[in-house]
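Heavy-atom basis, side chains included; hydrogens, waters and symmetry copies ignored.
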Amino acid sequence: MYLSIMYKLPFIIIPIVMLSACSNKSSFTEEDKKTVANEARQTLYKYYEDIKLSGLMAELPYLDSSADFFWVPPAYADPIFYSEVVDYIRQTAPVFRNIVNKWDTLRITPLTKELASYTGKIRSTITDSAGTTETHSLIETGLMIKRKDGWKLLNGQTSSLQE
């Protein structure tokens with residue numbers, strides 16, 4: 001009898017595990033999705049506001065510093081990773097007097113309580129230390145992750161749009 005139960009155990013456990021996995025997915029309610037979307041949206045708007053007020057170095061707290069981070073900047077064919085992004089920001093921050101990024105469009109798709117994807121069109125106006133101002137139209141798509149200290153950019157890409 002013991003052997004009979006042992007052979008049947010996988011047929012009992014597997015459906016239970018599958019049901020519990022399905023029930024976890026259903027715990028991500030519409031209210032949760034609204035909360036995730038609102039939090040991610042607020043983070044992205046605050047991110048640009050902080051850069052406007054404090055310069056390019058204000059970008060660093062919004063980047064996820066895990067090994068999973070990568071970004072593909074405009075005109076890059078391959079991704080760059082966290083340490084490369086940080087080095088680039090530190091080197092180029094003094095070159096910019098003012099950076100104003102504004103979302104023309106922004107769409108957030110909540111994936112879980114801790115992950116959200118986004119895509120949007122950005123108008124970026126940059127003034128360098130010599131006073132030269134340029135405006136660029138960009139499109140960006142990315143993945144955000146919720147960490148203990150808030151939402152972070154985990155990975156994505158930014159491309160320049162020709163207008």
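Annotation: the span from I99 atom CD1 to T92 atom OG1 amounts to 7.5 Å, rounded to 0.5 Å. Separation of atoms OG (S124) and OH (Y48) is listed at 7.5 Å; rounding is to 0.5 Å. Note that the OG1 atom of T141 and the CG atom of N155 stand 9.0 Å from one another [nearest 0.5 Å]. To the nearest 0.5 angstrom, I51 atom CD1 is 11.5 Å from M57 atom CE. Taken to the nearest 0.5 Å, the OG atom of S54 stands 9.0 Å off from the CD atom of E49. Atom CG of residue L153 and atom CG of residue L44 lie 6.5 Å apart, to the nearest 0.5 angstrom.
Looking at every heavy atom in both residues, V36 comes nearest to P110 through CG1-CB, 3.7 Å. Nearest heavy atom pair, residue A37 against residue I108, reads CA-CG2, 3.8 Å. Summarising the geometry of P94 relative to S129, their closest heavy-atom pair is O-CB, 4.1 Å, with the distance given to 0.1 Å. Nearest heavy atoms, F69 versus V85: CE2-CG2, 3.7 Å. Between R41 and L106 the shortest heavy-atom distance is NH1-O, 3.5 Å. Looking at every heavy atom in both residues, R97 comes nearest to G131 through NH2-N, 3.7 Å.
Applying the salt bridge (charged side-chain N to carboxylate O under 4.0 Å, His left out) criterion to D149, with sequence neighbours excluded, gives K152. The ring pair (Phe, Tyr, Trp, His ring centres under 6.0 Å) search around F70 returns none, not counting sequence neighbours.
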Is there a side-chain contact (heavy atoms from CB on, under 4.5 Å) between I122 and W103 once you walk through the steps?
CA-CA 5 Å; I122 304 159; W103 291 103; 3.5 Å; yes
Quiz item: Between D32 and T35, does a side chain to side chain donor-acceptor pair (under 3.5 Å) hold up when you go through it step by step?
Solution: CA-CA 5 Å; D32 292 333; T35 298; 5.5 Å; no
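When the side chains of ILVMFWY residues are joined at heavy-atom separations under 4.5 Å, either directly or via intervening members, L138 and Y45 end up in a single hydrophobic cluster. Both Y76 and I126 are assigned to one and the same hydrophobic cluster, defined by single-linkage of ILVMFWY side chains at heavy-atom distances under 4.5 Å. Using a 4.5 Å cut-off between side-chain heavy atoms of Ile, Leu, Val, Met, Phe, Trp and Tyr, with links allowed through other members, Y62 and F81 fall into different hydrophobic clusters. A single hydrophobic cluster is seen to contain both I89 and Y82, as judged by linkage of ILVMFWY side chains at heavy-atom distances under 4.5 Å, directly or through other members.
Identified under the salt bridge (Lys or Arg N to Asp or Glu O under 4.0 Å) test for residues 52-67, with sequence neighbours left out: D64-R147. Judged as a side chain to side chain donor-acceptor pair (under 3.5 Å), not a single pair has a partner in residues 105-115 (not counting sequence neighbours). Sorted by first and then second residue, the salt bridge (Lys or Arg N to Asp or Glu O under 4.0 Å) pairs with a member in residues 131-146 read E39-K146; sequence neighbours excluded.
Around OH of Y88, the count of heavy atoms belonging to other residues, nucleotides or ligands within 6.0 Å does not exceed 12.
Hydrophobic side-chain contacts under 4.5 Å tie L111 into a cluster, directly or through other members, with L115, L143, I145, L154.
In this structure, K33 pairs ionically with E30, as a charged nitrogen and a carboxylate oxygen lie closer than 4.0 Å.
Proximity of T158 to P73: side-chain heavy atoms (C-beta onward) are nowhere separated by under 4.5 Å.
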